[in-house]
Asks: 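My questions will all concern the structure given below.
Model, not experiment: these values are computed from the prediction. All chains are named by letter (A, B, ...) in the order of the sequence lines, taking the proteins before the strands, and each is independently numbered beginning at 1.
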2 protein chains.
Amino acid sequence: MAGSKLDPIDRHILAELQADGRMTNVELAKRVGISAPPCLRRVRTLEESGYIKGYHADVDARELGFEVQVFAMVRLQSQAEADLSAFEARCRAWPLVRECHMLNGEIDFILKCVAPDLSTFQSFLTAELTAADNVASVKTSLVIRCAKDEPGLPFDVLEARLSKTA
Amino acid sequence: MAGSKLDPIDRHILAELQADGRMTNVELAKRVGISAPPCLRRVRTLEESGYIKGYHADVDARELGFEVQVFAMVRLQSQAEADLSAFEARCRAWPLVRECHMLNGEIDFILKCVAPDLSTFQSFLTAELTAADNVASVKTSLVIRCAKDEPGLPFDVLEARLSKTA
DNA sequence: TCATCGGGCGAAATAATATTGCGCCTGAGG
DNA sequence: CCTCAGGCGCAATATTATTTCGCCCGATGA
């Protein structure tokens with residue numbers, strides 16, 4: 001099973017750093033119950049082996065003037081791999097698109113977008129997204145409010161799962 | 001305009017910390033072109049005033065055994081505020097639900113969920129989500145692959161915008 | 001059962017970073 | 001021109017990160 005190369009201390013480290021990525025190594029070591037040097041070694045190993053992909057400050061979008069958040073459901077005309085890749089590449093190049101997920105079912109892609117205001121988004125929608133090659137239809141939904149936005153993973157679910165197997 | 005209380009150095013700091021939340025203050029100061037003490041003071045101010053909401057390690061879901069990611073589109077029977085809030089509270093309590101956004105249009109909520117495997121998600125879907133009070137319908141879409149997943153905001157868009165106004 | 005070996009831990013020393021204190025400069029307002 | 005507030009950076013100090021190294025434990029094999 002994936003993740004089994006990690007012991008409980010490693011998982012504890014991941015959970016703590018997911019919750020507070022700027023915790024000092026001393027504090028982290030204290031929380032997971034080992035001393036600072038091995039704790040730091042574990043963190044470095046987790047980083048190098050890809051369990052930790054990076055660290056990011058969580059910036060308040062509204063405060064910074066990004067008032068609008070939108071989910072866009074996109075259907076394409078062709079689902080040939082080359083066409084899918086081409087669309088993905090376009091998404092990567094659009095700064096207003098923050099996430100692009102390929103889905104199963106009727107909808108081919110869902111995009112999470114941000115914009116400073118509605119008119120900026122509308123311009124993007126009509127001039128770029130809807131107008132893009134191979135795009136059959138786009139349905140958009142404005143985010144009215146966000147009830148939950150937890151970064152990362154539920155480590156408690158993971159622990160529960162592992163304790164069953166063990 | 002929102003964000004106008006920030007000068008270019010503040011925005012530069014936010015952009016850098018969004019890209020690498022564990023950068024040392026010395027390195028950050030060097031990049032934004034001031035010395036370490038005022039840089040740290042700015043960071044603290046940004047944290048206290050809420051521009052920076054936190055820092056998080058970005059953990060690899062697949063590596064940790066979360067193979068499945070799903071978007072769930074939920075419609076409710078009642079959209080009275082009390083019922084909306086009740087549903088949001090339920091979402092906050094479900095660990096598999098990582099994000100919950102209220103939308104305009106036909107769909108009332110979109111949820112981003114993760115699970116270790118499909119059967120875990122199916123159990124959650126049938127026993128919890130679909131079965132929950134006031135839920136009229138749930139449409140789910142499995143994420144086949146993720147083409148883009150940029151944390152945070154496009155600071156280049158913000159800068160472009162501000163330079164126009166200025 | 002007992003020697004050997006590898007891996008991981010932690011104390012201690014050292015290097016780097018964060019944080020505080022303070023004097024200087026600058027620009028706004030009188 | 002003077003004064004004051006705000007923000008900077010130097011220098012000193014406190015914390016933290018990182019390296020070094022010896023110890024312990026558990027696995028392996030004679």
Asks: Taking CG from A:Leu46 and C1' from C:dG8, how many angstroms apart are they, rounded to a whole number?
Replies: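 One finds 15 Å between C1' of C:dG8 and CG of A:Leu46, rounded.
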
Asks: Would you mind telling me which of A:Arg75, A:Gln79, A:Gln77 makes a side chain to side chain donor-acceptor pair (under 3.5 Å) with A:Asp108?
Replies: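 Result: among A:Arg75, A:Gln79, A:Gln77, A:Gln79 is the only option passing the side chain to side chain donor-acceptor pair (under 3.5 Å) with A:Asp108.
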
Asks: Roughly how far apart are A:Tyr51 OH and A:Leu17 CG, rounded to 0.5 Å?
Replies: 15.5 Å

Asks: Distances under 3.5 Å only, N/O to N/O: pair up the protein atoms with those of nucleotides 15-23 of chain D.
Replies:
residue : atom : partner : partner atom : Å
D:dA17  : OP1  : A:Asn25 : N            : 2.8
D:dA17  : OP2  : A:Asn25 : N            : 2.9
D:dA17  : OP2  : A:Val26 : N            : 3.0
D:dT18  : OP1  : A:Arg44 : NH2          : 3.1
D:dT18  : OP2  : A:Arg44 : NH2          : 2.5

Asks: Less than 4.0 Å between a side-chain N and a carboxylate O, is that true for B:Asp156 and B:Arg161?
Replies: no

Asks: How close or far is atom C1' of C:dT17 from atom CZ of B:Arg31, stated in whole angstroms?
Replies: 16 Å

Asks: Which residue pairs pass the ring pair (Phe, Tyr, Trp, His ring centres under 6.0 Å) test with at least one member in residues 132-151 of chain B, sequence neighbours excluded?
Replies: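 Non-adjacent pairs meeting ring pair (Phe, Tyr, Trp, His ring centres under 6.0 Å): zero.
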
Asks: Can you pull out how bent the helix from C:dT1-D:dA30 to C:dG30-D:dC1 is, comparing the axes over its first five and last five pairs, to 10°?
Replies: 20°

Asks: Taking ILVMFWY side chains as joined if any heavy atoms are under 4.5 angstrom apart, and letting links pass through other members, which residues group with A:Val26?
Replies: none

Asks: Rounded to the nearest angstrom, tell me the gap between atom CD1 in B:Ile34 and atom C1' in D:dG6.
Replies: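 After rounding, the gap between these two atoms is 14 Å.
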
Asks: Could you tell me which residues satisfy side-chain hydrogen bond (donor to acceptor under 3.5 Å, both in side chains) with B:Thr120, sequence neighbours excluded, listed by chain and number?
Replies: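 Partners of B:Thr120 under the side-chain hydrogen bond (donor to acceptor under 3.5 Å, both in side chains) test: B:Asp117.
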
Asks: Kindly write out the residues that satisfy side-chain hydrogen bond (donor to acceptor under 3.5 Å, both in side chains) with A:Glu47, not counting sequence neighbours, or none if the list is empty.
Replies: A:Arg44, A:Tyr55

Asks: Let me know the distance between CG of B:Leu28 and C1' of C:dA18, rounded to the nearest Å.
Replies: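 To the nearest whole Å, that distance equals 13 Å.
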
Asks: Between P on C:dG8 and CD1 on A:Ile13, what's the gap in Å once rounded to a whole number?
Replies: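 In whole Å, C:dG8 P lies 13 Å from A:Ile13 CD1.
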
Asks: Just verifying a value: how many Å separate B:Met23 CE and B:Glu16 CD, rounded to the nearest 0.5 Å?
Replies: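 Here the rounded value is 4.5 Å.
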
